[in-house]
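What follows is a single structure, and I will ask about it in a moment.
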Amino acid sequence: MGMTTARRSDTTRAAILEAARERFAADGYERATIRAIARDAGIDPSMVMRYYGNKEGLFAAASEIDLALPTLGALPSKHIGAVLVNHFLDRWERDDVLTGLLRVGVTNEAGAARMQAIFGAQLGPVTLGVCPRPEEAPARAALVASQILGMALARYVLRLPPAVEMSRDEVVAWLAPTVQRYLTAETP
């Protein structure tokens, strides 16, 4: 009996998180409700509360995102900017959760905190591994995030026509040298 209950619990949690990700991405943090998420997952709202406590807890769990950043240190340094920009374009294009989180992060404190945590924990170490001065890594990571999140906002959230119409290669060609400079150039 122990295993089946655990398995059922895992299945329920997975259904809740999937429904929550879709609902947060579609409706935003403020408008998404526990009741709607439970309905989407085909379960009682009390189950959502039992597993995640409240909407904040559910949002934190649903927005656990591994950016799966490439190891840049192994690359010839002149390719770092292009590899990173390409990687992020891949992520935005195949992961609605990331776009949903960006949308929520712009309008909501919990969303902003999640984005800060994700980028701090994941982009920080990558930056530290390639920048010339370790003490500058946090500032450089913030500059990289400004480019990547700025383009994501323009292309995938606000859908500004020139940003949407640019080919992927054009986006990389424009952004990569800037990201490259933020990561590896000497301090201005």
For this session: Check whether any side-chain heavy atom of Leu123 sits under 4.5 Å from a side-chain heavy atom of Leu84, and report yes or no.
Result: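 Touching, per the 4.5 Å side-chain cut-off.
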For this session: Nearest 0.5 Å please: distance from the CZ atom of Arg133 over to the OG1 atom of Thr187.
Result: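 Between Arg133 CZ and Thr187 OG1, I get 3.5 Å after rounding to 0.5 Å.
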Exercise. Taking the side chain as C-beta and beyond, is there a heavy-atom pair between Tyr182 and Gln147 under 4.5 Å?
Worked result: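 When only atoms from C-beta onward are counted, Gln147 and Tyr182 do touch, with a gap below 4.5 Å.
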Exercise. Rounded to the nearest 0.5 Å, what separation is found between the OH atom of Tyr156 and the CG atom of Leu102?
Worked result: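 Between Tyr156 OH and Leu102 CG, I get 11.5 Å after rounding to 0.5 Å.
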Exercise. Is atom CZ of Arg159 surrounded by more than 12 heavy atoms (other residues, nucleotides or ligands) closer than 6.0 Å?
Worked result: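 Open.
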Exercise. For the residue pair Pro125 and Gly120, what are the closest heavy atoms and their distance?
Worked result: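 Closest heavy-atom pair between Pro125 and Gly120: CD-O, 3.7 Å.
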Problem set entry | Between CG on residue Asp40 and CZ on residue Arg23, distance to nearest 0.5 Å |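 Reported to 0.5 Å precision, the distance equals 4.0 Å.
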Exercise. Is the shortest distance from a Lys or Arg side-chain nitrogen in Arg168 or Asp90 to a carboxylate oxygen in the other one below 4.0 Å?
Worked result: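 Looking at Asp90 together with Arg168, the answer is yes, because their closest N to O distance falls below 4.0 Å.
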For this session: Say whether, by atom type as modelled, one donor and one acceptor occur between the side chain of Arg21 and the main chain of Ala62 under 3.5 angstrom.
Result: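 It does hold such a pair.
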Exercise. Under 4.5 Å between any side-chain heavy atoms of Gln122 and Val126, yes or no?
Worked result: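 Side-chain contact under 4.5 Å: no.
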For this session: For Lys55 and Phe24, run side-chain contact (heavy atoms from CB on, under 4.5 Å): C-alpha distance rounded to whole Å, both residues' side-chain angles, the deciding distance at 0.1 Å, then the answer.
Result: CA-CA 10 Å; Lys55 189 157 98 169; Phe24 284 129; 4.1 Å; yes
For this session: Nearest 0.5 Å please: distance from the CE atom of Met151 over to the OG atom of Ser146.
Result: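 Answer rounded to 0.5 Å: 12.0 Å.
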Problem set entry | Shared hydrophobic cluster for Leu160 and Val164 (ILVMFWY, side-chain gaps under 4.5 Å) |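 Hydrophobic grouping puts Leu160 apart from Val164.
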Problem set entry | Glu56-Tyr29 side chain donor-acceptor pair, cut-off 3.5 Å |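 Tyr29 and Glu56 do have a side-chain donor-acceptor pair below 3.5 Å.
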Exercise. What distance do Ile43 atom CD1 and Ile16 atom CD1 have between them, rounded to the nearest 0.5 Å?
Worked result: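 These two atoms lie 3.5 Å from each other.
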Problem set entry | CD (Glu93) with more than 12 external heavy atoms under 6.0 Å |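 Yes, enclosed.
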Problem set entry | Least distance between heavy atoms, Ala185 atom then Arg140 atom |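 Between these two residues, the closest heavy atoms are O-NH2, 2.7 Å.
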Exercise. Are Pro45 and Arg50 close enough that some pair of their side-chain heavy atoms sits under 4.5 Å apart?
Worked result: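 Pro45 does not reach Arg50 side chain to side chain.
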For this session: Quick one: pull up OG1 in Thr12 and CG in Leu17 and give me the separation to the nearest 0.5 Å.
Result: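 One finds 11.0 Å between OG1 of Thr12 and CG of Leu17.
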Exercise. Heavy atoms, side chains only, cut-off 4.5 Å: are Ile34 and Tyr52 in contact?
Worked result: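 The answer is no, as the side chains (C-beta and beyond) never meet within the 4.5 Å cut-off.
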Problem set entry | CD (Glu18) with more than 12 external heavy atoms under 6.0 Å |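 Atom CD in Glu18 is not crowded, with 12 or fewer foreign heavy atoms closer than 6.0 Å.
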For this session: Fit a plane to each ring of Phe88 and Phe119, take the angle between them on a 0 to 90° scale, and name the class: parallel (under 30°), tilted (30 to 60°) or perpendicular (over 60°).
Result: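 Ring orientation, 0 to 90° scale: parallel.
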Exercise. Does any N or O in the side chain of Arg155 come within less than 3.5 Å of the main-chain N or O of Met166, such that one atom is a donor and the other an acceptor?
Worked result: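 Yes.
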Exercise. Linking I/L/V/M/F/W/Y whenever their side-chain heavy atoms sit closer than 4.5 Å, directly or via other members, would Val83 and Leu128 fall into one cluster?
Worked result: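 No, it is not one cluster - the side chains of Val83 and Leu128 are not joined through contacts under 4.5 Å.
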For this session: Indicate the atoms forming the closest heavy-atom contact of Ala173 with Pro177, along with that distance.
Result: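 The pair with the smallest heavy-atom distance is O-CD, 3.1 Å.
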Problem set entry | Among Ile80, Val85, Leu175, Val130, side chain to side chain contact (heavy atoms under 4.5 Å, CB included) partner for Gln180 |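 Of the listed options, the one satisfying the test is Ile80.
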For this session: Check whether any side-chain heavy atom of Met115 lies under 4.5 Å from a side-chain heavy atom of Leu149, and answer yes or no.
Result: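 A side-chain contact under 4.5 Å exists here.
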Exercise. Closest heavy-atom contact between Ser46 and Asp44?
Worked result: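 Minimum heavy-atom separation between Ser46 and Asp44: OG-OD2, 2.5 Å.
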Problem set entry | Polar side chain donor-acceptor pair, Ser167 to Asp169, under 3.5 angstrom |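 No, no side-chain donor-acceptor contact under 3.5 Å.
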